[in-house]
Amino acid sequence: MASPSRPTRVSSPLLLGLGFLIALIAFALQFYIRKHLRPRLWTVEELSLYNGTEDGLPILLGILGSVFDVTKGKTHYGPGGGYHHFAGRDASRAFVSGNFTGDGLTDSLHGLSTMEVKSVVDWRKFYMERYIFAGKLVGRYYDSQGNPTKYLKGVESKAQRGAQLLEKQKIEEAKIPSCNSKWSEQEGGEVWCETGYPRLVKRPGDIALTGKISQRCACFKEEELGRPGLEVYKDCDYLSKSCRV
Ligand SMILES: *[C@@H]1O[C@H](CO)[C@@H](O)[C@H](O)[C@H]1NC(C)=O
Ligand SMILES: *[C@@H]1O[C@H](CO)[C@@H](O)[C@H](O)[C@H]1NC(C)=O
């Protein structure tokens with residue numbers, strides 16, 4: 001077997017110099033980008049440039065007036081990505097409405113339910129944890145000094161109220177276990193109880209949380225079946241442990 005030929009030496013003063021220069025440029029660039037994105041106040045116009053269409057620029061997104069650098073999620077936030085509409089703007093409402101057309105891309109939460117407002121605040125937390133905070137957007141949520149506006153405080157206290165209501169509802173509902181349920185194409189839906197009997201009940205906190213009434217299936221003991229507000233499933237026996245739905 002022939003011994004491998006020695007690699008020719010490539011390092012020369014010229015190449016070393018070039019390497020050094022590249023390292024220096026990379027360092028300076030990194031410093032520039034970091035400096036450029038140190039948390040600061042943004043205007044709507046400035047933010048709109050960071051929409052992901054310009055290759056050299058970071059991608060920024062606003063939510064409740066907080067600005068985040070989402071460049072590392074380029075596949076989602078860049079052109080063609082599923083979240084591209086969020087880039088370069090504050091479209092807080094669209095996080096829960098899913099409406100990305102026209103006025104749907106607004107930062108106004110006017111008329112949303114407590115639960116929806118809480119959900120937007122939860123999204124902001126998600127960005128706080130996963131992405132880099134890049135400052136505040138002057139407008140609806142922060143004034144020109146970067147102080148939170150009355151509107152932001154209102155949104156945050158509504159979300160907090162929602163969290164409390166949700167917690168209360170969870171504790172209430174835990175007292176009466178939910179039914180088991182399954183669904184299949186052939187057999188349709190079925191609810192059943194291991195102990196107790198399936199009944200439809202209104203979820204107490206729902207009006208305050210979502211503005212709508214919804215029901216859940218819960219398992220009641222025989223001696224509880226006389227309570228007001230319990231609804232027997234249609235075509236199901238009073239003491240059946242399982243009902244088709
Ligand atoms: C997106 O950003 C580019 C520059 O980065 C800008 O020229 C363009 O107008 C922006 N598009 C929108 C819709 O703001
Ligand atoms: C989205 O919002 C716009 C403006 O508010 C409205 O005209 C449109 O009907 C909405 N689209 C959907 C699918 O809700």
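Keep in mind it's a predicted model, so treat the numbers as computed, not measured. Just follow the structure's listing: the first ligand is 1, and inside any ligand the first atom is 1.
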Exercise. State whether Glu224 and Arg227 are salt-bridged, where the test is any N-O pair (Lys NZ or Arg NE/NH1/NH2 against Asp/Glu carboxylate O) under 4.0 Å.
Key: yes

Quiz prompt | Arg216 atom CZ, over 12 foreign heavy atoms within 6.0 Å | solution = yes

Exercise. For atom NZ of Lys72, decide whether the heavy atoms of other residues, nucleotides or ligands shown that lie under 6.0 angstrom number more than 12.
Key: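 It does: Lys72 NZ has more than 12 such atoms within range.
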
Self-check item: side-chain contact (heavy atoms from CB on, under 4.5 Å) against Ser181, all qualifying residues, sequence neighbours excluded
Solution: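 Only Val191 meet the side-chain contact (heavy atoms from CB on, under 4.5 Å) criterion with Ser181.
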
Quiz prompt | Set of salt bridge (charged side-chain N to carboxylate O under 4.0 Å, His left out) partners for Glu46, sequence neighbours left out | solution =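 Glu46: salt bridge (charged side-chain N to carboxylate O under 4.0 Å, His left out) contacts with Arg40.
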
Exercise. Provide the full list of side-chain hydrogen bond (donor to acceptor under 3.5 Å, both in side chains) pairs with a residue in residues 80-95, sequence neighbours left out, each pair given once.
Key: Asp90-Ser92

Ligand 1 N/O to protein N/O, distances under 3.5 Å:
from     : atom 1 : to    : atom 2 : distance (Å)
ligand 1 : 2 (O)  : Leu49 : O      : 3.2
ligand 1 : 2 (O)  : Asn51 : OD1    : 3.1
ligand 1 : 2 (O)  : Asn51 : ND2    : 2.5
ligand 1 : 2 (O)  : Thr53 : OG1    : 3.4
ligand 1 : 5 (O)  : Leu49 : O      : 2.6
ligand 1 : 11 (N) : Asn51 : ND2    : 2.8

